[in-house]
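Written below as structure tokens is the structure these notes are about.
Residue numbers run from 1 in the order of the sequence given.
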Amino acid sequence: MDTLRSKHIYKVKILSPNMEVEPGDLVEVKTKKGTFRGILMPKHEFSDENIIVLKLDNGYNIGLIPEEIKCIKKGIRRKKKSLYKFEKKDLPQISIISTGGTIASYIDYKTGAVHPALTAEDLIFSAPEIEEEANIKAFVLFNILSEDMNPLYWIQLARKIKDELKESHGVVIPHGTDTMSYTSAALSFMFSKLSGPVILVGAQRSSDRPSSDAYMNLISAVRVAKSDLGEVAVVMHATTSDDHCFIHRGTRVRKMHTSRRDAFKSVNSQPLGEVRGNKVIFYEGYRKVEEDVELYDKLDEKVSLIYYYPGMSGELMTRMLEGMDGAIIMGTGLGHISNEMIPLLKDFIRDGGVVGMSSQCIHGRVNLNVYSTGRKLKKIGVIPLEDMLPEVAYVKLMWLLGNFERDEVIKLLPQNLRGEISARRMIIW
Ligand code: GLU
């Protein structure tokens, strides 16, 4: 037995003779407070020596101080496979394409460190109950933290989704939460038609922690992937308790807290719906699945996303525009930057660049008609981007420049294509 492996074997008194217990085994644990049955979860480097974590049937993890542990059934997924397939009659097939992040992280249970999952079986270990929901085809496409995502990964992912939708009803994509909304926006624009739901899902706490949100998020995502939603969406905890998840439109969602389980919010719009237990409830106005899939997978990476701040130098602005085909500016308030910047933008636009203005306020709508700065910006050709989120505008501009001529890009950038812009009176905080 190698040392990494033996480090994570629980050295406690067991009733079944000649059996050690390992993460993944179904066990019965006797404690001072009673007897509990569940799947033994992995320890990680911060685990208390005396506490073990059990995943109960209802999906909750609990920490216990064991007096005795009895092994009921050895883990059945000991042999690692790169493609996991589970089939049962009368259930739709759902593909789970893992890209990494915390949701798939605990799973590196042989070392205890928090790393993205390496195998498909590891991936669904956090919620074995999903096998009751759908015929699961799971595999790992990338094994990265989402801060390492980039447009080339988005393109690869989009092509893989298109392949999977040939045989699966829907697709679930476990993803790091940090940049999940960039990926959801990119996929939203790249697919002009979808034959099944494309659902991104993440977790703020890894699955080996008692407070993990991974289980409920993943199982809720699979439930939405079985629906008739023809859009890219993000499914995450709606509140800090484990009562329901929200279904957020891929172009409206944002991570609004560093650590809370309800970090994801729909901005300037309502969520598309919610998942309560096994009920998927849509509010109004979602796009339904179509017969086929249409993918426009070109992206022009020469786009800057520029956060303006007081004191920003013209020199820095010039450098951020150099060699670019377009820029999205996160201006102050209604969409402003210092007057010093205006001639620089004017030159950039004259030379063929496309500039869109969003607001660092995040909530609310850009308006370049109110103050003199705004009017000057509009006059030189800066495009006000209504209530579109800055990172969504950034991805949209990359997509437009990759697939359309400049005149068309200028026309389409401020238009609502995928629910990313709402009509004037519909602003919801
Ligand atoms: N920073 C990592 C990521 O975004 C981990 C955070 C998470 O998955 O929530 O992939």
Side-chain angles (χ1 to χ4, degrees), residues 1-2 4-44 47-81 83-88 91 96 98 103-112 117-136 138 174 203 205-220 222 242 277-278:
M1 189 180 296
D2 63 66
L4 280 180
R5 189 178 142 102
S6 57
K7 206 168 104 189
H8 293 278
I9 299 236
Y10 289 83
K11 297 237 183 280
V12 288
K13 186 180 168 197
I14 51 174
L15 297 181
S16 320
N18 307 322
M19 250 192 201
E20 287 170 313
V21 283
E22 281 184 282
D25 293 347
L26 178 65
V27 296
E28 203 166 81
V29 180
K30 207 172 133 195
T31 71
K32 283 201 172 71
K33 289 189 177 151
T35 302
F36 299 83
R37 185 187 268 234
I39 293 173
L40 194 57
M41 297 302 283
K43 274 183 187 260
H44 57 75
S47 299
D48 184 310
E49 272 293 290
N50 303 315
I51 294 180
I52 63 157
V53 178
L54 263 202
K55 179 180 284 298
L56 304 179
D57 267 357
N58 60 13
Y60 285 99
N61 291 352
I62 50 165
L64 299 169
I65 300 176
E67 289 186 335
E68 286 176 357
I69 298 183
K70 179 175 166 183
C71 185
I72 308 294
K73 195 170 164 196
K74 292 302 282 177
I76 40 171
R77 301 194 187 96
R78 204 60 46 71
K79 223 166 151 272
K80 302 287 180 183
K81 286 195 239 147
L83 175 70
Y84 177 84
K85 243 182 146 169
F86 175 83
E87 284 171 58
K88 200 168 161 185
L91 290 177
I96 302 187
S98 182
I103 185 154
S105 287
Y106 78 91
I107 307 171
D108 195 357
Y109 56 77
K110 298 299 180 210
T111 66
L118 294 169
T119 74
E121 288 156 309
D122 284 344
L123 183 66
I124 56 166
F125 182 70
S126 68
E129 298 81 350
I130 58 174
E131 292 172 350
E132 302 302 317
E133 293 288 325
N135 288 332
I136 299 294
R205 319 266 161 83
S206 58
S207 309
D208 54 345
R209 306 209 180 151
S211 61
S212 175
D213 48 341
Y215 166 82
M216 193 173 118
N217 292 349
L218 187 58
I219 203 145
S220 302
V222 169
D242 291 310
N278 57 16

| query | Which pair of non-hydrogen atoms, one from Asp213 and one from Ala203, has the smallest distance, and what is that distance? | reply |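 The answer is OD1-CB, 3.4 Å.
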| field | Closest non-hydrogen atom pair between Val222 and Ala134, with its separation | value | CG1-CB, 4.2 Å
| request: Could you name each residue pair satisfying side chain to side chain donor-acceptor pair (under 3.5 Å) that touches residues 27-36, not counting sequence neighbours? | output: Glu28-Arg37
| request: Nearest 0.5 Å please: distance from the OG atom of Ser220 over to the CD1 atom of Ile130. | output: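 Output value for this atom pair is 11.5 Å.
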| query | CG/Leu64 to CG/Leu54 distance, rounded to the nearest 0.5 angstrom? | reply |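 Going from the CG atom of Leu64 to the CG atom of Leu54 covers 5.0 Å.
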| task | Spell out, as yes or no, whether a donor-acceptor pair under 3.5 Å connects the side chain of Asn135 to the backbone of Leu91. | result | yes
